[in-house]
Number of protein chains: 2
Amino acid sequence: MKELPKISEAEWEVMKILWSRSPQTANEVIEALEGQMDWKPKTVRTLISRLLQKEAIAFQETGRTYLYYPLVSQDDYVQTETQSFLKRLYGGAVKPLLVHFLREQKLSSDEISELKRILDEKTEEGPDRDRRKDR
Amino acid sequence: MKELPKISEAEWEVMKILWSRSPQTANEVIEALEGQMDWKPKTVRTLISRLLQKEAIAFQETGRTYLYYPLVSQDDYVQTETQSFLKRLYGGAVKPLLVHFLREQKLSSDEISELKRILDEKTEEGPDRDRRKDR
DNA sequence: TTTATTAGACTACACGCGTAATCCAAAAAT
DNA sequence: ATTTTTGGATTACGCGTGTAGTCTAATAAA
C-alpha cells in the first residue's frame, strides 16, 4: 500500500485547487489562488514543484505547458490526517473529541437530527459488529 | 489575552509529561519519556529549553536544579489546535467531521448513548439559542 | 583538595517550509 | 531574424524542528 506523501499547509491550498478541478495549468492554479492567498506566482510554482517531487500530483505535457492533476485523493488525505491528529491530541480516542464538538459547536437542528439518525443506525448494527470494508 | 505559543510535535510529548504531573525536574521528565520516545537525554533538555523560550513552561529553582511546570493548559491547547485543524481540513465545518467520525469509528453502545444524550440536550436548548459563555 | 560528574547554557547541523528570485530554452512578438 | 516574454528548472535564504554534542560552573566523589 502506498505511503501518502506529507503535504504542508501551503501545499494543501494548491491541492485543494486541483482537487476541485483538474487537470489545470500552473497559471490556472495561480489564478485560482489569487486574491485569496496573496502569493507571488513563483511561490505557487514552487509549491507545485514540491508536490511533484513528493508525487502528490503529476502532469501531462501539452506543448510547452503542463497540465497538473492530483495523484492522491482528498478523502484519503483527510482520513489520514485526521487519524494522526486524533492520535496526537486525543490519544486516539474519538469520543472525547466528539463530545467536545457536540458540546462546543453550534449545530442547526437539522444537523442534530442527522447526527442522531447516524447514531441510531449504529445502534441497530450493534456496537461490536465490525462492518468496515476490506482493506 | 495571551497568545498560545506554538508547540511542536516533539515538544508536545514533553508537555504531556508535565501536564500529567508537575512540577518535575528535567531528569524526571527524561525518565518519564524513556522507553517510549527513544530520545537521548540531551534531546529532551533541548525540548525543555525551547518550551521555556516559548513560555509554554517555566521553572522554580531549587538549589542547582529546576522544577518545571506548564504555563498553558492542555485544554486550551487542544481547543486551539482542534480549531485550526478543523479549519484546515474541513474548512471549519464541524458537521462533516462529526459525520465522518460517527460513521467510521467504532464506538461502544455506551458511548453512543452518551453522544445521543448530548445531542438531546442540545435539541432542548434550541438550535439558535446562543448559550456560550461571555468572551 | 584534586578530580569526576552533572545541570543547565550554548552551539551544531541537516531538512522541511514559506517565500520567492534567477537561469535557460522555447515560443511569441516585432 | 532579432528581441521579448514566458514556462519550467534551479537556486536562495531564514526560521522551525528533530536530534543531539560541547562548554562551563558547581557539586559530589575520591
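Only heavy atoms go into these numbers, but all of them, side chains included; no hydrogens, no water, no symmetry mates.
- Across the protein-nucleic acid pair, B:Glu9 atom CD and D:dG16 atom C1' stand 13 Å apart, rounded to whole Å.
- A perpendicular orientation is assigned to the rings of B:Trp19 and B:Trp12, their planes being inclined by more than 60° (bins at 30° and 60°).
- Remark: B:Glu11 does not engage B:Lys6 in a salt bridge, criterion side-chain N to carboxylate O under 4.0 Å.
- A side chain to side chain contact (heavy atoms under 4.5 Å, CB included) with B:Ile48 is found for exactly one of B:Ile30, B:Thr43, B:Ile57, namely B:Ile57.
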Nucleotide by nucleotide, 5' to 3', does protein get under 4.0 Å of the base (B), only the sugar-phosphate (S), or neither (-) in nucleotides 4-15 of chain D, counting heavy atoms?
--BBBB--B---
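- Regarding B:Ile7, its CD1 atom lies at a distance of 14 Å from the C1' atom of D:dG16, rounded to whole Å.
- Nucleotides of DNA chain C that come within less than 4.0 Å of any heavy atom of chain A span, from the 5' end to the 3' end, C:dC17 to C:dA27.
- Going from atom CG of B:Leu47 over to atom OG of B:Ser8 covers 6.5 Å, rounded to the nearest 0.5 Å.
- Within residues 10-21 of chain B, the residues having any heavy atom under 4.0 Å from DNA chain D are, by residue number, B:Ala10.
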Residue pair A:Glu28, A:Thr25: steps toward the side-chain contact (heavy atoms from CB on, under 4.5 Å) verdict
CA-CA 5 Å; A:Glu28 287 169 326; A:Thr25 66; 3.3 Å; yes
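- Using bins of under 30°, 30° to 60° and over 60° for the plane-to-plane angle, the ring pair A:Phe59/A:Tyr68 lands in the perpendicular bin.
- One can place CG of B:Leu47 at 10 Å from P of D:dA20, the figure rounded to the nearest angstrom.
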